[in-house]
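Residue numbers start from 1 in every chain, and the chains themselves are labelled A, B, ... in the order their sequence lines are given, proteins ahead of strands.
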There are 2 protein chains.
Amino acid sequence: MTLETLRKRKAISNASTSESRYDAILDMSEQVFANSGYKGATIREIAERAGVAQGLIHYHFRNKEELFEAMVARRSKSINGQRMHLLRALFEENGPPSLERIMEGLFRPTIEAGLSQAGDGGAFARILVSIANSAGEWEQGLTAKYYDPMGQEYISALVKIVPGLSRENAVWAYMFAIGVGMTMMAKTGRPRRLSNGICDDGDAEVMLAKIIPFISAGVRSFTKQPN
Amino acid sequence: MTLETLRKRKAISNASTSESRYDAILDMSEQVFANSGYKGATIREIAERAGVAQGLIHYHFRNKEELFEAMVARRSKSINGQRMHLLRALFEENGPPSLERIMEGLFRPTIEAGLSQAGDGGAFARILVSIANSAGEWEQGLTAKYYDPMGQEYISALVKIVPGLSRENAVWAYMFAIGVGMTMMAKTGRPRRLSNGICDDGDAEVMLAKIIPFISAGVRSFTKQPN
DNA sequence: GTCTATAGTTCGATAGAC
DNA sequence: GTCTATCGAACTATAGAC
């Protein structure tokens, strides 16, 4: 029996939270990093709010950078696994899937992940937005490692199902789609301000209903364009 | 003659940089905040690279928060002034402007501002991306103060020139347009990675040529939708 | 307006007991 | 695996000379 297995056994036997301290640290990391940013977040606060000693975080994750990456790795592998599964399932149905269903498959797992979390649901989504929009080498390294492979699959899917769409335009289409999706994931509250309370970026279902047709029309416009 | 005027006179007579220390601090603030983020940036580094004493920054701007806001205020007023001027000029021509020209007027001033700056041109654009995508109270306060008024003008313009576009959908359209524009302003280099070097998010002209049709098609799709 | 020097805080990381 | 205690290295902001 590995040490990893033992750790999980102990976690399950923990009556108070039914969760290992290891996972509690990762959970709280999402909350704190989301609210304060990487530099603004402190290991002290994560430790306090997770109810563990500060030293324990260094024992499990060595330093702040590796804690952050472990947090990204855990959640991104889970969400992107769902996405890959969804995408492949779509292509195994009768006939090629519609552009709209492809796009829904791109964004829905992020929403589902948010809803199932305790506390602030969209914490990891907000972290993701800050990573994806950073030009820093480290952040782009994380994006490349945990998100580029999935991006490539979606780009290939777009080329397959949209007649006349070049790979170059499919890359732009994917980037623009992600850009629009950020509006939903960032949860800035700006739509509400700009619309006197009518448009709510906290309601993911409503946003999806707006985002999917918007992106789909944009992608199809590339069909009538050179390159 | 005001003290403000005197300060500028002295700046012009400065042979070495032809720029006051006050402005040098703001210029270097853009570079450092863009590369390190608000929390990650340090007043020490800004002072050193601007060639001034650290204490001078506190003399002019009191603290880090006010330095940041002064930097945002200077550049946003300049760029948004151009935008407003462009937008109003479009409506004074013969007949209403096209959706495409409205969108070009939204993004081009950001590009021009980048090109005319010394050193790293897109520094302020990257800062803007991080502010706009943050859910923090302070960042949203800055967005509301320096960008919401312009956003309202663009939303009104969209309602005017796109037949059948409700104000609610115009707000979403504006938000999504900004989201796509982030792809250009963030300068992450991801399009290049995903396309094996073909798509370059460093070339703003090429990006505009892709962004404008994409967004325009998306906006027009709202015409055929309820709400 | 500009500088030097430093006070006062807070943070990441380590050491070592249990 | 978990905790307490602490070191050393930053950082912001202020005080005071010029």
Side-chain angles (χ1 to χ4, degrees), chain A residues 1-29 31-33 35-71 138, chain B residues 1-29 31-33 35-71 138:
Chain A
M1 183 179 293
T2 64
L3 284 175
E4 184 70 6
T5 313
L6 277 174
R7 189 181 55 68
K8 286 179 181 168
R9 283 281 173 82
K10 193 170 184 184
I12 292 169
S13 71
N14 183 339
S16 65
T17 61
S18 80
E19 170 182 64
S20 70
R21 283 172 151 79
Y22 183 95
D23 289 315
I25 291 169
L26 288 180
D27 289 344
M28 194 50 67
S29 292
Q31 306 295 321
V32 178
F33 279 124
N35 289 333
S36 309
Y38 176 75
K39 289 286 175 70
T42 71
I43 295 185
R44 278 184 153 79
E45 183 182 352
I46 295 170
E48 282 171 16
R49 291 178 51 184
V52 304
Q54 193 187 339
L56 188 62
I57 295 185
H58 288 283
Y59 170 79
H60 280 305
F61 305 98
R62 232 173 66 90
N63 56 33
K64 196 179 179 182
E65 277 194 18
E66 290 185 25
L67 168 63
F68 188 82
E69 176 160 354
M71 175 206 67
W138 182 57
Chain B
M1 184 179 293
T2 65
L3 283 176
E4 186 70 5
T5 312
L6 277 174
R7 189 179 57 68
K8 287 179 181 168
R9 283 283 173 85
K10 193 171 183 183
I12 291 169
S13 71
N14 184 339
S16 64
T17 61
S18 79
E19 170 182 65
S20 71
R21 282 172 152 79
Y22 182 95
D23 289 314
I25 291 169
L26 288 180
D27 289 344
M28 194 51 66
S29 292
Q31 305 296 321
V32 178
F33 279 125
N35 288 332
S36 308
Y38 176 75
K39 288 286 174 72
T42 70
I43 295 185
R44 276 181 154 79
E45 184 183 350
I46 295 170
E48 282 171 16
R49 291 178 52 184
V52 303
Q54 193 186 337
L56 187 62
I57 296 184
H58 288 284
Y59 170 79
H60 279 306
F61 305 99
R62 230 173 67 91
N63 57 31
K64 196 180 179 183
E65 277 194 18
E66 290 185 23
L67 167 63
F68 189 83
E69 177 160 354
M71 176 206 66
W138 182 56

Could you state the [atom1]-[atom2] distance from [X] to [N], rounded to the nearest angstrom?
| X | N | atom1 | atom2 | answer |
| --- | --- | --- | --- | --- |
| B:I43 | C:dT4 | CD1 | C1' | 17 Å |
| A:K64 | C:dT10 | NZ | P | 15 Å |
| A:I25 | D:dG1 | CD1 | P | 11 Å |
| B:L56 | D:dA17 | CG | P | 19 Å |
| A:F61 | C:dT14 | CZ | P | 16 Å |
| B:I46 | D:dC11 | CD1 | C1' | 13 Å |
| A:R21 | D:dT2 | CZ | P | 5 Å |
| B:H60 | D:dA13 | NE2 | C1' | 16 Å |

Checklist entry - Does A:D27 reach the side chain of A:E19, with side-chain heavy atoms less than 4.5 Å apart? => result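 In contact.
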
Checklist entry - Do B:F68 and B:E65 come within less than 4.5 Å of each other through their side chains, counting heavy atoms only? => result no

If you check the [X] side chain, which of [options] turns out closest?
| X | options | value |
| --- | --- | --- |
| B:A53 | C:dC3, D:dT4, C:dA13 | C:dC3 |
| B:Q54 | D:dA13, C:dC3, C:dA13 | D:dA13 |
| B:N63 | C:dG12, C:dC3, D:dA13 | D:dA13 |
| B:T42 | D:dC11, C:dG12, D:dC3 | D:dC11 |

Checklist entry - In Å, rounded to the nearest 0.5 Å, how long is the span from CD of B:E45 to CE of B:M28? => result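 Answer rounded to 0.5 Å: 9.0 Å.
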
Item to check | Spatial distance of atom CD (A:Q54) from atom CD1 (A:I46) [nearest 0.5 Å] | outcome: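 If I round to the nearest 0.5 Å, the distance is 10.0 Å.
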
Next on the checklist: Applying a 4.0 Å non-hydrogen cut-off, can you work out what B:A47 is touching in the nucleic acid: base, sugar-phosphate, or nothing?
Outcome noted: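 Result for B:A47 = nothing.
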
Quick one: is [X] getting a side-chain N or O under 4.0 Å of the [N] phosphate, OP1 or OP2?
| X | N | answer |
| --- | --- | --- |
| B:H58 | C:dT2 | no |
| B:Y59 | C:dG1 | yes |
| A:R62 | C:dT14 | no |

Checklist outcome for this item: Note: for A:G51 and A:R44 on DNA chain D, the residue whose nearest nucleotide lies more 5' is A:G51

Next on the checklist: Taking B:A41's backbone N and O only, do any of them form a donor-acceptor pair with A:K39's side chain (distance below 3.5 Å, no angle check)?
Outcome noted: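 Judged by distance alone, no pair lies under 3.5 Å.
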
